[in-house]
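By convention in this document, chain letters (A, B, ...) are assigned in the order of the sequence lines, proteins followed by strands, and residues within each chain are numbered from 1. Just so it is clear, the values below take in all heavy atoms, side chains as well, and ignore hydrogens, waters and symmetry mates. Because the structure is predicted, anything quoted here is derived from the model rather than measured.
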Amino acid sequence: MAQLETPPVAAAPVGNDHREALEQRRRDRFARVEPRGRRVFTARERAEMFVDAGSFVEMTPLRKAGATGSGVVTGWGTLEGRPVVVASHDAAVASGAIGAVMAESIMRAQRLAIDKGYPIVYINDSGGAQINDGIFALHGCGGIFALNVEAQGRIPQLSLILGPCAGAAAYSPALTDWTIMVKDQGQMFLTGPDIVKAATGEVVSAEDIGGSALHTATSGVAHLEVDSEEEAFAAARLLLGFVPAHVGAPAVLQPSRPADAVAVEELPGLVPDKSSVVFDMQRLLDGVLDAGPRLELMPTHGTSILTLFGRLEGRPVGVVANQPASRGGILDSKSSVKAARFVDFCGRFGIPVLTFVDVPGFLPGTVEEGRGVITHGAKLLKAYIETKAPKLTVIVRKAYGGAYIAMGARSLGADFTWAWSGSEIAVMGPGGAVTLLHKRALRDAEDPIALRDDLAAEYRENVARPYLAAEAGIVDDVILPEETRGRMADALRMLTHDHHADARG
Amino acid sequence: MHAARAEIVANVWKVLAREGDQVGAGDTLAVLETMKMEIPVIAGVSGRVNRVLAAEGVIVQEGDVLIEIDENA
């Protein structure tokens with residue numbers, strides 16, 4: 001059929017210079033991203049390792065900045081078949097410093113992710129703005145920040161810190177949703193130790209001012225510490241598995257799995273009757289959530305509250321829970337900001353928020369007031385109030401005062417709230433309440449401690465028990481521990497009902 | 001030397017460890033009381049109690065060292 005003019009395809013095209021030229025360009029390009037220095041994997045290898053095997057497609061691979069590459073490998077791939085955009089800093093080019101061309105390349109990837117509605121993952125390994133590019137570098141960095149913020153209302157953004165990240169390379173992650181750092185390898189700081197010494201005279205190591213321990217435990221700048229690049233990629237994949245591709249996209253459902261059988265058996269007796277005795281909230285969650293992978297964020301920061309992703313009947317849920325086993329499960333500045341950030345994220349992406357309450361209150365005192373606990377506590381109130389995602393709250397033991405409200409109370413817009421039959425809800429704990437209410441009687445009593453204990457027991461039974469709240473309709477019902485999973489699952493099915501599925505059915 | 005610290009501002013309610021005691025990782029060394037909660041102070045390592053700095057009835061601040069454990073003894 002083909003006409004005779006068509007040259008034979010198999011034969012080497014003699015004099016076909018443009019083919020050779022392209023091959024050469026591609027070889028040059030690969031040579032540019034090949035140097036790995038002290039790193040185990042190149043920028044391109046990192047991008048390829050992160051996505052499904054063989055799925056990575058690079059954008060503008062021939063892009064150059066002068067004699068070198070652009071300094072970043074951008075492209076897309078899939079995670080278990082779901083598209084994801086990747087921007088991987090190339091530390092082999094000027095330590096990954098962000099020049100004008102690199103910034104343009106990153107912004108192009110951001111634009112694609114935002115416009116098409118796919119998550120974007122930034123693999124960071126960059127010294128910050130490139131000095132040679134001057135104002136053009138700064139202008140580009142600001143452009144990346146602006147798109148980071150635009151993306152917040154549209155798509156999930158993760159930052160992986162795989163090398164020393166200074167300046168702009170540290171600020172961009174702070175504008176993304178979750179930051180994962182590789183221990184002893186990733187650092188984040190405004191400027192590195194050399195500049196610090198020149199600026200203020202302080203002598204510090206890169207680990208001291210920007211290591212993963214500092215940022216995941218103390219500062220809260222990063223949200224997860226892992227031991228290797230492979231673990232960082234695995235954690236990012238796991239995290240994105242709980243999150244829809246963009247705001248308004250459907251949840252990623254999996255088959256329902258029953259809760260851990262042993263934990264289910266333990267659940268009715270897990271919480272000590274005595275409200276002062278601590279227990280492990282993780283174990284309680286084991287008895288309610290689907291068995292299978294969960295992902296706890298900020299596990300070493302603000303540890304009196306837990307924030308984690310899990311599943312209930314296969315549907316991703318965000319869990320906020322007081323952790324009595326750490327600092328008594330109190331709310332303070334750090335734990336409030338931590339929980340507020342998590343609730344805000346869930347709200348943006350429509351991930352139902354399940355709140356498990358056992359809180360003695362906000363920690364009072366000069367230290368906390370000095371840290372601005374009022375402002376930080378208010379952030380938690382605002383996050384719950386603003387969240388449009390389904391909100392389910394269960395009080396498992398005690399909920400006192402302002403902390404009762406802050407932990408996803410009905411008044412903040414919870415769709416359904418329950419209280420376990422042994423729980424207490426009150427403006428303050430029985431001991432404190434009777435001391436105020438019966439000041440005179442206690443002062444005149446022969447044995448004030450005995451009288452206080454009697455009054456406290458009476459208060460606990462008559463005032464603090466959850467029936468008052470249930471009779472007033474402020475909690476929907478008083479339930480048994482073993483009923484929790486069923487109640488929450490029923491409510492979620494109703495609140496997330498797919499009307500299209502109903503029309504088909 | 002391992003230091004068991006107060007994780008929160010609290011009143012020292014009970015000190016269980018005595019200098020010279022052999023303790024195992026996970027043992028409760030003392031119990032603090034704050035916000036009507038009993039906060040156990042847990043040994044992070046196994047070893048011999050070198051020094052007990054906590055005294056019952058005293059208020060401690062977050063980060064204060066309560067008990068030192070010599071993990072090599």
Side-chain angles (χ1 to χ4, degrees), chain A residues 217-218 272-281 300-305 322-335 358-371 373 397-403 424 426 428-435 452-453 456 459-460 464, chain B residues 1-18 21-72:
Chain A
T218 308
D273 288 336
K274 205 177 157 199
S275 66
S276 61
V277 177
V278 302
F279 70 96
D280 183 7
M281 182 63 84
T300 56
H301 179 89
T303 49
S304 56
I305 211 159
N322 305 109
Q323 172 55 292
S326 178
R327 311 183 81 224
I330 49 105
L331 279 173
D332 59 5
S333 300
K334 280 185 181 180
S335 56
D358 179 26
V359 64
F362 275 98
L363 181 65
T366 48
V367 173
E368 277 304 312
E369 295 290 357
R371 284 173 180 162
V373 64
R397 189 165 61 174
K398 61 189 177 308
Y400 294 141
E424 298 170 14
M428 60 171 68
V434 297
T435 305
R452 196 194 67 175
D453 289 350
Y459 179 93
R460 191 186 307 274
Chain B
M1 199 68 68
H2 173 84
R5 295 170 186 273
E7 60 174 3
I8 188 167
V9 56
N11 171 49
V12 179
W13 183 37
K14 282 191 263 190
V15 178
L16 305 171
R18 299 278 170 258
D21 285 359
Q22 286 292 330
V23 296
D27 286 358
T28 301
L29 304 172
V31 183
L32 308 180
E33 188 190 27
T34 191
M35 302 286 290
K36 304 268 184 320
M37 295 295 293
E38 299 163 23
I39 313 284
V41 178
I42 306 291
V45 297
S46 300
R48 191 171 52 80
V49 175
N50 187 54
R51 271 209 299 170
V52 175
L53 295 101
E56 289 178 4
V58 169
I59 304 295
V60 290
Q61 297 297 320
E62 181 179 338
D64 283 359
V65 177
L66 305 177
I67 285 150
E68 282 179 1
I69 301 170
D70 186 350
E71 58 259 72
N72 299 314

- Heavy-atom distance under 4.5 Å between the side chains of A/Asp332 and B/Ile8, does that happen here? no
- Would you give the length of the straight line joining atom CD of B/Glu62 to atom CG of A/Leu363, rounded to the nearest 0.5 angstrom? 8.0 Å
- Heavy-atom contact with chain A under 4.5 Å, split by part of B/Glu33: neither
- Value for OG1 (B/Thr34) from CD1 (A/Ile330), rounded to nearest 0.5 Å, stands at 8.0 Å
- For A/Val277, does its backbone N or O pair with a side-chain atom of B/Glu38 as donor and acceptor, under 3.5 Å? no
- Would you mind reporting whether B/Lys36 and A/Ser275 have side-chain heavy atoms less than 4.5 Å apart? no
- Minimum heavy-atom distance A/Gly328-B/Met37, with the two atoms named: O-CE, 3.7 Å
